[in-house]
Undergrad: 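Pasting in a structure now, in structure tokens, and then I'll have a few things to ask.
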Amino acid sequence: MTFPATPDEAIALQERLRDRVRVDVPLPGNPALVAGVDVAYADSEDTEGLVAGAIVILDAATLDVVESASLVGRAEFPYVPGLLAFRELPTLLRIWEGLRHRPDVVVCDGYGVAHPRRFGLACHFGLLTGVPTFGVGKTAFVGSHAPVGDARGASADLVFEGDVVGRALRTRTGVKPVFVSAGHLIDLDGACSVTLRSTSGYRLPETTRQADRLSRDALRAAVS
């Protein structure tokens, strides 16, 4: 697959593809397998451009790891806020192609339509794989929301330019919310439901935690 070489080309592609995104699709039922994807970046001069991608597939009921894979490569695209998908997707898709299992839902460490052009990593990944995909971010990239109640499961719509693009969701009582946004082939209610079912004892869902850990371990091994 060929990706854009310049930021202008990448923006044009996002604007062209965003009309294909479907964020009105209810999940048919509870997923059996849910995957987390994440990418870690090297930050020293000697390892500039080095990235480690990871995909971890969990049993959605037990949150046990069913399959995991990582890959270290080099990002060919520059760092530009709003265009991180073009740094991360090449490595993630190479991992995806080698997986033995196909998850029912994919959770990205990032954003779906809660994005300046309504086309974050979760939208792009979902379109390319054809699997329901959404994003869970630690902070809000765009938009604002009303106060969120303190109890686990409390939420408030994330609104950007007059549209609901995601939801601030409390995954642990008294702990800062995460920001959930649908990417493709899933609606916001379904994305929030999977997020809560995938969260056990921590603020972030296990999908994100496991993929983050694996990507960091892979990067550490590559630069040591």
Side-chain angles (χ1 to χ4, degrees), residues 11 14-31 34-38 58 60 63 81-85 88 103-127 129 131-209 211-212:
I11 289 171
Q14 287 180 331
E15 292 177 342
R16 189 163 65 248
L17 292 178
R18 66 185 174 192
D19 289 339
R20 301 185 190 179
V21 165
R22 294 282 309 280
V23 291
D24 59 350
V25 183
L27 284 175
N30 291 338
V34 58
V37 305
D38 199 4
L58 307 180
L63 300 182
L83 299 178
L84 294 185
E88 300 181 355
D104 301 296
V105 182
V106 174
V107 185
C108 294
D109 178 28
Y111 308 95
V113 295
H115 179 275
R117 286 171 293 281
R118 316 294 172 91
F119 197 79
L121 171 65
C123 301
H124 211 150
F125 193 93
L127 274 177
T129 62
V131 175
T133 305
F134 68 93
V136 176
K138 303 174 188 69
T139 58
F141 188 25
V142 297
S144 59
H145 61 88
V148 180
D150 285 338
R152 170 179 161 85
S155 66
D157 286 343
L158 183 66
V159 179
F160 177 59
E161 296 179 339
D163 295 325
V164 175
V165 296
R167 197 168 289 163
L169 177 66
R170 189 89 62 188
T171 55
R172 288 192 68 195
T173 298
V175 174
K176 289 191 300 184
V178 297
F179 296 87
V180 180
S181 56
H184 186 51
L185 298 178
I186 192 171
D187 62 14
L188 188 53
D189 286 342
C192 288
S193 176
V194 172
T195 300
L196 287 173
R197 289 201 303 271
S198 302
T199 306
S200 176
Y202 296 91
R203 178 188 177 213
L204 294 174
E206 283 302 300
T207 46
T208 301
R209 282 174 29 80
D212 173 75

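Because the structure is predicted, anything quoted here is derived from the model rather than measured.
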Undergrad: As an exercise, state the distance from CD1 of Ile186 to CG of Leu27, rounded to the nearest 0.5 Å.
TA: 4.0 Å
Undergrad: A side-chain contact here means heavy atoms from C-beta on lying under 4.5 Å apart; do Thr199 and Leu204 qualify?
TA: no
Undergrad: From Ser198 OG over to Glu206 CD, what is the distance, rounded to the nearest 0.5 angstrom?
TA: 8.5 Å
Undergrad: Would Val34 and Asp104 count as a side-chain contact (heavy atoms from CB on, under 4.5 Å) if you check the C-alpha gap in whole Å, the side-chain angles of each, and the deciding distance to 0.1 Å?
TA: CA-CA 6 Å; Val34 58; Asp104 301 296; over 6 Å; no
Undergrad: Within a strict 4.5 Å, meaning less than it, do heavy atoms of the Leu185 and Thr133 side chains meet?
TA: no
Undergrad: Pro116 versus Phe141: any side-chain heavy-atom pair under 4.5 Å?
TA: yes
Undergrad: Between Lys138 and Asp109, does a salt bridge (Lys or Arg N to Asp or Glu O under 4.0 Å) hold up when you go through it step by step?
TA: CA-CA 8 Å; Lys138 303 174 188 69; Asp109 178 28; 3.2 Å; yes
Undergrad: Heavy-atom distance under 4.5 Å between the side chains of Thr171 and Leu196, does that happen here?
TA: yes
Undergrad: Where is the tightest heavy-atom contact between Pro205 and Val136, given as atom of each residue plus distance?
TA: CD-CG1, 4.1 Å
Undergrad: Once rounded to the nearest 0.5 Å, what's the spacing between atom NE2 of His184 and atom CG of Leu17?
TA: 10.5 Å
Undergrad: Are Val131 and Val105 close enough that some pair of their side-chain heavy atoms sits under 4.5 Å apart?
TA: no
Undergrad: What distance do Cys123 atom SG and Arg22 atom CZ have between them, rounded to the nearest 0.5 Å?
TA: 13.0 Å
Undergrad: So, does Thr207 use its side chain to make a donor-acceptor pair with the main chain of Gly36 at under 3.5 Å?
TA: no
Undergrad: What are the two closest non-hydrogen atoms of Arg203 and Pro177, and how far apart are they?
TA: NH2-O, 2.7 Å
Undergrad: If you look at every heavy atom in Ala168 and Val148, which pair is closest and at what distance?
TA: CB-CG2, 3.8 Å
Undergrad: What's the spacing between Glu88 CD and Leu121 CG if we round to 0.5 Å?
TA: 5.5 Å
Undergrad: For the pair His124 and Phe119, name the ring-plane relationship: parallel under 30°, tilted 30 to 60°, perpendicular over 60°.
TA: tilted
Undergrad: Any donor-acceptor pair under 3.5 Å linking the side chain of Arg170 with the backbone of Gly149?
TA: yes
Undergrad: So which heavy atom on Ala60 is nearest to which on Pro31, and how close?
TA: CB-O, 3.0 Å
Undergrad: If you count the non-hydrogen atoms of other residues, nucleotides and ligands that lie under 6.0 Å from CZ in Arg20, is the total more than 12?
TA: no
Undergrad: Please report the closest heavy-atom contact between Ala122 and Cys108, naming both atoms and the distance.
TA: CA-SG, 3.8 Å
Undergrad: Taking the side chain as every heavy atom from C-beta outward, state whether Thr195 and Leu169 have any pair of such atoms under 4.5 Å apart.
TA: yes
Undergrad: Looking at every heavy atom in both Ala156 and Pro147, which two are closest together, and how far apart are they?
TA: CB-O, 4.0 Å
Undergrad: Where do Leu83 and Arg117 land on the side-chain contact (heavy atoms from CB on, under 4.5 Å) test, with the steps shown first?
TA: CA-CA 10 Å; Leu83 299 178; Arg117 286 171 293 281; 3.5 Å; yes
Undergrad: Please assess Arg197 against Val194 for the test side-chain contact (heavy atoms from CB on, under 4.5 Å), listing each intermediate value before the final yes or no.
TA: CA-CA 5 Å; Arg197 289 201 303 271; Val194 172; 3.7 Å; yes
Undergrad: Does Gln14 reach the main-chain N or O of Gly120 with its side chain, forming a donor-acceptor pair under 3.5 Å?
TA: no
Undergrad: Rounded at 0.5 Å granularity, tell me how far CZ in Phe160 sits from OG in Ser181.
TA: 12.0 Å
Undergrad: Does Asp187 reach the side chain of Asp24, with side-chain heavy atoms less than 4.5 Å apart?
TA: no
Undergrad: Cation-pi check, Arg167 to Phe179: give yes when NZ or CZ is under 6.0 Å from the six-membered ring centre and within 45° of the ring axis, no otherwise.
TA: no
Undergrad: Do Asp163 and Arg118 make a side-chain contact, defined as non-hydrogen atoms from C-beta onward lying under 4.5 Å apart?
TA: yes
